[in-house]
Amino acid sequence: MTETASYDLQCLGVSKNYGAVRAVRDVSFDIPNGSFFSILGPSGCGKTTLMRMIAGFEEPSAGDIRIKDRSVLNTPPNRRNVKMVFQHLALFPMMNVYENIAYGLRCNRMSKAEIERRVSDVLARIELPDVADREIHQLSGGQKQRIAIARCMVLDPDVLLLDEPLGALDLKLREAMKIELKLLQHQFNTTFIYITHDQSEALVMSDYVAIMNAGRFEQIGTPQELYHKPKTAFVAGFVGDANRWPCRVVEAFGTTLRVETEIGLPLTGVACGRNPPMQAGAHGELFVRPEFIRAERVRTDGSPERAGPLNVIPGIIDSQLFNGAKSRVLVRGPQGMRIEADVTLTGGEEDLRPGEKVELSWPAEQTRCFAAAGSATGADPGAEPA
Amino acid sequence: MTETASYDLQCLGVSKNYGAVRAVRDVSFDIPNGSFFSILGPSGCGKTTLMRMIAGFEEPSAGDIRIKDRSVLNTPPNRRNVKMVFQHLALFPMMNVYENIAYGLRCNRMSKAEIERRVSDVLARIELPDVADREIHQLSGGQKQRIAIARCMVLDPDVLLLDEPLGALDLKLREAMKIELKLLQHQFNTTFIYITHDQSEALVMSDYVAIMNAGRFEQIGTPQELYHKPKTAFVAGFVGDANRWPCRVVEAFGTTLRVETEIGLPLTGVACGRNPPMQAGAHGELFVRPEFIRAERVRTDGSPERAGPLNVIPGIIDSQLFNGAKSRVLVRGPQGMRIEADVTLTGGEEDLRPGEKVELSWPAEQTRCFAAAGSATGADPGAEPA
Amino acid sequence: ETLRLLTWGGYAPEEVIRLFEEKYPDINVEVTLSNNEEMIAKLRATGGAGYDLAQPSHDRIYAAQYEYNIYKPLDLSKIDLSNVEPKLLAGVKENTTIEGQVYAVPHQWGTSGLMTDITKAPDIKSWGDLCDPKYKGKTSMRLRRTILLGTAFAMGEDPFSAYSDLAKYQQILDKVADKLIACKDNIKAYWKGGDDLSAMMLSGEIVASETWDSTAFKLYSQNPNIRFVPPETGALAWIDTFAMPRKAQADAAAYKWINFVLQPDIVKLMSASTGAMASIKGAQELLPADKQEAVKAAFTAEDIDNLKFFANIPPGVEDMEGKTLEKIQAATSN
Amino acid sequence: MRSQRDIRRLSLFLLLAPFALWIVLLVALPQLGMLFLSLREKIAPRVYEYGFANYVSFAGEPIYWNTLLRTATMSLLVTALALVIGFPVAYYIAKIAGRRSRGALFLLILIPLWVSDLIRAFGWILLLRETGVVSSLLQWSGLVSGGIEFLYTDATVVVGLVYTVILFMIVPLVSTLDGMDEAMIEAGYNLGGNGFTVLRRIIIPYAMPGIVSGCIVTFMLTAGSYLTPILLGGKNSSWFTAQIYDQFITRYNWEAGATFGVLLLAFTSVVVWIGLKLSGQSLSTTVARS
Amino acid sequence: MSARKSPSLMLIGYRLYIAAFFVFLAAPLVAAGTFAFNDSLFPSLPWQGFTLDWFFSATEPKLGMFHDRRLLSGLYYSFVIATCVSALSVFVGTCNAFLFVRHYFPGKNALYVVMILPLVIPGVILGIALLVLASTIANSLEQATGIELSFLRPGIVLVVLGQFSFIVTIASLVIVARLRKFDMAMEEAALNLGASRARVLATVTLPYLRPAMIAAGIVGFLVSFENFNTTLFLVGSEAPLTVIMYDRMVKVGSTPVLNAVSLVLMLGSGVLALVSILVQRDRSPS
Ligand SMILES: Nc1ncnc2c1ncn2[C@@H]1O[C@H](COP(=O)(O)OP(=O)(O)OP(=O)(O)O)[C@@H](O)[C@H]1O
Ligand SMILES: Nc1ncnc2c1ncn2[C@@H]1O[C@H](COP(=O)(O)OP(=O)(O)OP(=O)(O)O)[C@@H](O)[C@H]1O
Ligand SMILES: NCCCCNCCCN
Ligand SMILES: [Mg+2]
Ligand SMILES: [Mg+2]
């Protein structure tokens, strides 16, 4: 978020209460022109509510929403140049494809010829030039998806909102549409705001992602920032997979911590999250991603050489989850503690097998420690409904 | 499939025609006692039809089905000791959990006390000891799932059939249930036949997987075999991700082939699939998994040393799909050819960025070449409906 | 056994049924309320089944029986006729004898005429006065054959004598229709049942109407200003009879009922309910006191002499009348 | 497994039997019988002849076909009014009312359905007659000096009929509107439509099956109603069903009555057919669904 | 819903309209109900004071409805007729549902439309058509053989058949709608668990349909109870309540006892309607 020029969309301290339910709390952000911005968060965290305020279907309880630097609080939804792709698309079943796309143009009282030109233009751009006369129910899921986007894009919106548009599609199609959506956004070069609770969708497609939890934005950043430099425990746990262990800080050297897990296992990690850094005795939670954990057969000829500070623990393979390039083993560590580690399984002799003893090791800098909720320096991002 | 003792289930040349539609064609397999067997295939390939024949809801047009070595062709569905978990579970909404589970036992005219004992027993085994009195709609998706399994398992079936039982669940729950199902199968030690079109489900859970396409079984094997040693182009493409390029064989040395892609790129690969091996001039298709392709920045100080025969091509990064540990780059190769390669993106300086020139390299033995459909030695697994 | 009566409202009062059932404990009386047209229509549809005793008016039996064969002859020996007013009995017999068989005996009789509130419309004398513009929107009539006949008399015709010449009768009807269509403006609403009429009259919504005398007598007891007025050309007299449907199943009970309700002490109760006079000797004395008074206030001796009994309807006339009534109903006024 | 197929056959015939008995004996044959009767002409007592005389006399008698036209026109008017009055109510119940009040409102809508025509008309009479509740209230409040007669006019008949049939308009409307995704309306606004555009281009086209279904049932019920026009109608009002009743009951002319019946059925069917054609719907997509 | 500044004003107007509509709906019923307590011989103003006589009084002239033999017998016949009609309708409606949802046969769609037709044929016509047919058959039979089939004459049987002829359509539509929602997999699951076909029907399919069958039964009962148009032509000497009330009103004169009956009917129907709605809201949210 470095750009300082004009913004397509800005939210300033936006909140929304439904009676006692605080659905959205003091959310502020601004989106640079032409970027793909995702809002990622668990179900019920307020994503839809925020989007509906931007579209004008709800009025914020507090705060301001600006589109192209002008407040739109007093603009009714049909006057805002913010278009929306609904979760179930909301294509009009009683109109055919052409009429669906032409609807918005007709509302603008455009001439017939002009409408025709624009519709065929947008259909060409979404690579469905021949479907104009089809009925909606004659389209496949992916085609419907694209028509819903075309219906908005033909109106040249300042911002396009997409509320979990892939939710209704099946697995394979969803994978394909992820890449397609990103390409479409490049095509139109319009600001997309994309809502989802599926992290892989958000990470793969977005320029920027906001992680939302219980009505608040926890962190905004590029996908890499969120994945590799999470600022809160919630983000660390929500984005990507992670082994999570509660722990207690034994000693702190700057941000480097010596900690002990619940079962007394001593590990080295780095303090993350909000300042000030954690002190000895503080309670925290450790996050380690499976892909950073190396699982190696215990060798009889002494341990291998290692570079840098490492955490090393022994374990026994419980089971392997073969999934091609994304395979994983479940390892039982000391005192039954369960650890997931990514491995490559080739089907050959060298594969780890259930029952084998292994040594697990991972770098200390990939052992993130966040203050526990309620602890001295920890922030509590939990919900307080009512 | 090495076991030769008795089989829980055998299919011998089973076919099913619906009028001119040949839904299942000459399928033969047998399943060793107590294994987790998956049937994986695209939508409409005949998986459900096959399962319904096993359960007795459809009659095979040809072939025999044997359970515990006895043909069941003339046994009506309610007499077969094959139980089934339906896609949408088909729990009875007008009965509570207890009555649902007791249903099959009552059909067997078991005594009340015995029924009660067995139901509470099975509930304990699925770790839901307290839900007996709940109504079905009071259960969560995962709980319903387990009740549906318990309802079958309480009858001690020879084989349990599961038709895409996770299809209706949401993303997170599906992940969790995958592992749970596998554990349950261990628990009951009953043969499970699991239908899915999601390869990751099949790979993660199964002892054996059959890949089905257009009514036929293409290959049966362990997940590793299918992933690493696919026998047909279809399997190579369907299981795991792969870059696919059509090619022509230039020279063949045993199974090692020198090929040229459509755009004239010379590569080295290995001949796979059915005998006899491909001859020079034959058309084929190349499969290379993204995880075997190494993408490296082009260095000015000469290329790095390499071991073994490698394919190397230059390319430019088109875009990166950041997805944590499973990130990928889209690379534009010579003449716009698109290549996907797995990379680790850490958000640091060393990450590949769009626009950068890279060198892609991968081992020749991971470059599988299958005869093209219709070509001399290629088999045509395509459907011939009508 | 069950005795199924098909009769007029008020012709089977609860009290009488109770006494009857007390006397004949094994008979259970069931009553269906009806009117002349419906009685015929119902019996036609059932082919004369479904009821054990019907009470059509004397003039509506012959044609219906001739055309639809819905009644069976009475066994007069089973009826105690000693007390019956001979004139009425003779009249009914004459009207309802077919091929030597008698099909009906009289029960109640009364007249159709005019009713007026003497304080508000003192000068109602003739059928035609209902069309007097003075009372615009304040009069009523029932759109049935009575008013057709009454209006014909008021216009100086004799419809009964025209029964033998249907072409002539049609001319009369046409004239009557024109008159009544012209009169439509004056009418508030056509009444359909005694209740309609009572409510409109008592509430003062109308001041005069064509009526059955029995309804007028009932209202007299509520409001003595409401009087029955026999029209100058003579009130039209009707006799409601007993007739036995062709497939009646409880003949014995039916005869018991006939004999029962012709007993003087029962007649008292009956007349109190119908407001009409029984066709037995000295019937007037058996009326309740207030009704006797009403009758006295309504009829002079000449009026009684001037009574015009409905003549037997020959086949075909009902159709002509029906068409005429439809024409009037459908004609628009404002 | 062959027996399996036989069982299916058998069950098909077993299930077809009650359906066939019902349709043939209670619906088709009676209608045919009526058609047959309408072709019989009464020449003289107990003398009949077959032909189209009844239809000819219908055509030659303006009273009859005027009444039929009048009945049809008023039924159309009632249908249109019921739609206009009922649509906002249905929309409110389906889309605006809260989850809980929706159920309650729907119940309220249904309650008048459970009392007979007779009682409803009776209620209106008590309210509307010159000495009735409404008139008395007006006099009491000093708005008018004398009593006012609301009864016995065509307007009263229309009000009474709208009252009687409006439920049959609202119920299918609610059930179609209920199925409409709110997001569709929001999409309509989001794409630039104003309230009117959204109503005309989205809500109404979407609700069309419900509208047509409601209109058909409402129209047929109105055209076939008997009590309300009889009890509330004035001296000028004639309703076609009353004519049928008169032919059957007061004139014993079953032949003419049957003719009228056939004509009413044919005429209303044609009106419905035209309505279906104009709206591009069919019976099975509308009435069958709600 | 749309305009931002004045949504509340528009909404208030809208709510007022809805309120007015419900007043309109309630008015005649309230009027009919209220006069049941008027201590007068006429169900009209002026108000003569409160009384329960029209319900409970045992003596003329204010014979209360619970002592009025004819009203009670009408109630009884209505009850008998409605029970028969609704039982028959539910039975045939269930058969129809299975026929149209589970079976395929030529002309199915056309027959489905035929099934709906009775609902849009005016009730008067259904009544007279049946009357004409039955009378024609009965008359011919009588003339030819002298046999009198009394059930073909106006009476309870014809009333039941006449009402049944269109109420069964309503019942079918209700039950068809529910059976369409039935997941066939549920039957297969039961078979799979070892149940015989008959047992599947008894323990799974019919219980699933039960709410719809009860609702159809109640709707059929109520519609039969209040039917007038069709009944009018078919009624014999055993007249149901609506016909009795109509005859009273038109031929004798209405007293507040009719209001009392109306009120009782309203209460009864209301309770039944409530039951039907509660039954339809069954255990599964689907
Ligand atoms: N109209 C409303 N009235 C009351 N509470 C509401 C309303 N709409 C939403 N909420 C509440 O506000 C919170 C946020 O809801 P919202 O729909 O924005 O979540 P979401 O992030 O879109 O979830 P999902 O991923 O499930 O769609 C929830 O707790 C929800 O229950
Ligand atoms: N009853 C039937 N009549 C005719 N064709 C049928 C019938 N049932 C299935 N088919 C056809 O048989 C083929 C296989 O269907 P099946 O349901 O077995 O596929 P599937 O592999 O289970 O697909 P999915 O993953 O979508 O469930 C399809 O082409 C389907 O259209
Ligand atoms: N209230 C009972 C009146 C009976 C009248 N009978 C009249 C016959 C007229 N034709
Ligand atoms: Mg949402
Ligand atoms: Mg399937």
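Chain naming here is simple, since letters A, B, ... match the order of the sequence lines and numbering starts at 1 in each. Note: hydrogens, waters and symmetry copies are ignored here, and every other heavy atom, side chains too, is used. These numbers come from a predicted model, not from an experiment.
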Please output the side-chain donor-acceptor pairs of residues 259-268 of chain D that fall under 3.5 Å, not counting sequence neighbours, one pair per line with the distance.
unit_1, atom_1, unit_2, atom_2, d
T259(D), OG1, S38(D), O, 3.4
T259(D), OG1, E255(D), O, 2.7
T268(D), OG1, L264(D), O, 2.7
T268(D), OG1, L265(D), O, 3.1

Closest non-hydrogen contact found for G33(D) with V132(E) is O-CG1, 4.2 Å

Greatest number of non-hydrogen atom pairs under 4.5 angstrom with chain D, of V219(E), V176(E), I137(E), L161(E), falls to L161(E)

From T34(E) OG1 over to L126(D) CG, what is the distance, rounded to the nearest 0.5 angstrom? 9.5 Å

In terms of heavy-atom proximity below 4.5 Å to chain E, should I166(D) be classed as side chain, backbone, both, or neither? side chain

Just wondering, do I121(E) and Q31(D) contact through their side chains at under 4.5 Å, heavy atoms? yes

When the 4.5 angstrom heavy-atom criterion is applied to V198(D) and chain E, the contacting part is neither

Which bit of A27(E) is near chain D, if near means a heavy-atom gap under 4.5 Å: side chain, backbone, both or neither? both

Heavy-atom pair count under 4.5 Å with chain D, highest-scoring of V30(E), L272(E), L111(E): L111(E)

State the CZ-CG distance between R102(E) and L15(D), to the nearest 0.5 angstrom. 10.5 Å

Honestly, the part of S11(D) sitting under 4.5 Å from a heavy atom of chain E is both

dist T242(E):OG1 -> D117(D):CG (nearest 0.5 Å) comes out at 10.0 Å

With a 6.0 Å cut-off on ring centres, are Y17(E) and Y92(D) close enough? no

Under 4.5 Å from any heavy atom of chain D - which part of F35(E): side chain

In terms of heavy-atom proximity below 4.5 Å to chain D, should Y246(E) be classed as side chain, backbone, both, or neither? both

Region of N227(E) in contact with chain D, defined by heavy-atom distances below 4.5 Å: neither

Check M115(E) against F19(D) and note the closest heavy-atom contact, atom names and distance. CB-CE1, 3.9 Å

Scored by heavy-atom pairs under 4.5 Å with chain E, the best of I125(D), I109(D), L21(D), I93(D) is I109(D)

Quick one: which of P122(E), P28(E), P118(E), A26(E) has the most heavy-atom pairs under 4.5 Å with chain D, could you say? P28(E)

Could you look at S262(E) and say if it's the side chain, the backbone, both or neither that has a heavy atom under 4.5 Å from chain D? both

Do I119(D) and M266(E) have side-chain heavy atoms sitting under 4.5 Å apart? yes

Nearest heavy atoms of R120(D) and E226(E), plus distance in Å: NH2-OE1, 3.9 Å

CZ/F105(E): more than 12 non-hydrogen atoms of other groups inside 6.0 Å: yes

Are the side chain of N229(E) and the backbone N or O of G224(D) linked by a donor-acceptor pair below 3.5 Å? yes

Heavy-atom proximity to chain D below 4.5 Å, by part of L232(E): side chain

Checking S135(E) against chain D: side chain, backbone, both or neither under 4.5 Å from a heavy atom? side chain

L119(E) CG to L221(D) CG distance, which is reported to the nearest 0.5 Å: 7.5 Å

Counting heavy-atom pairs under 4.5 angstrom with chain D, the leader among N96(E), V223(E), L130(E), L265(E) is N96(E)

Below 4.5 Å from any heavy atom of chain D, which atoms of I18(E) appear? Answer side chain, backbone, both or neither. side chain

Answer with side chain, backbone, both or neither: which region of L37(D) has an atom nearer than 4.5 Å to a non-hydrogen atom of chain E? side chain

Atom pair CG (L29(E)) and OH (Y163(D)), whose distance is rounded to the nearest 0.5 Å: 3.5 Å

Turns out that what part of F221(E) lies under 4.5 Å from chain D's heavy atoms comes down to neither

Looking at T136(E), L131(E), V168(E), T94(E), which one has more heavy-atom pairs under 4.5 Å with chain D than the rest? V168(E)

Would V124(E) and F248(D) count as a side chain to side chain contact (heavy atoms under 4.5 Å, CB included) if you check the C-alpha gap in whole Å, the side-chain angles of each, and the deciding distance to 0.1 Å? CA-CA 11 Å; V124(E) 169; F248(D) 267 86; over 6 Å; no

Proximal component of V133(D), with respect to chain E [non-hydrogen, under 4.5 Å]: both

Looking only at I244(D), L25(D), L105(D), most heavy-atom pairs under 4.5 Å shared with chain E are made by L105(D)

Does the plane of the ring in F24(E) sit parallel, tilted or perpendicular to the ring in W124(D)? Use 30° and 60° as the thresholds. tilted

Hey, can you tell me if Y245(D) and F233(E) have their rings parallel, tilted or perpendicular (30° and 60° cut-offs)? perpendicular

Can you confirm whether W22(D) sits close enough to T169(E) that some side-chain heavy atom of one is under 4.5 Å from a side-chain heavy atom of the other? yes

Supply the atom-to-atom distance M245(E) CE to S116(D) OG, rounded to the nearest 0.5 angstrom. 6.0 Å

Heavy-atom pairs under 4.5 Å with chain D: which of F225(E), F166(E), F164(E), F91(E) has the most? F164(E)

Counting only heavy atoms closer than 4.5 Å, note whether L117(E) contacts chain D via side chain, backbone, both or neither. side chain

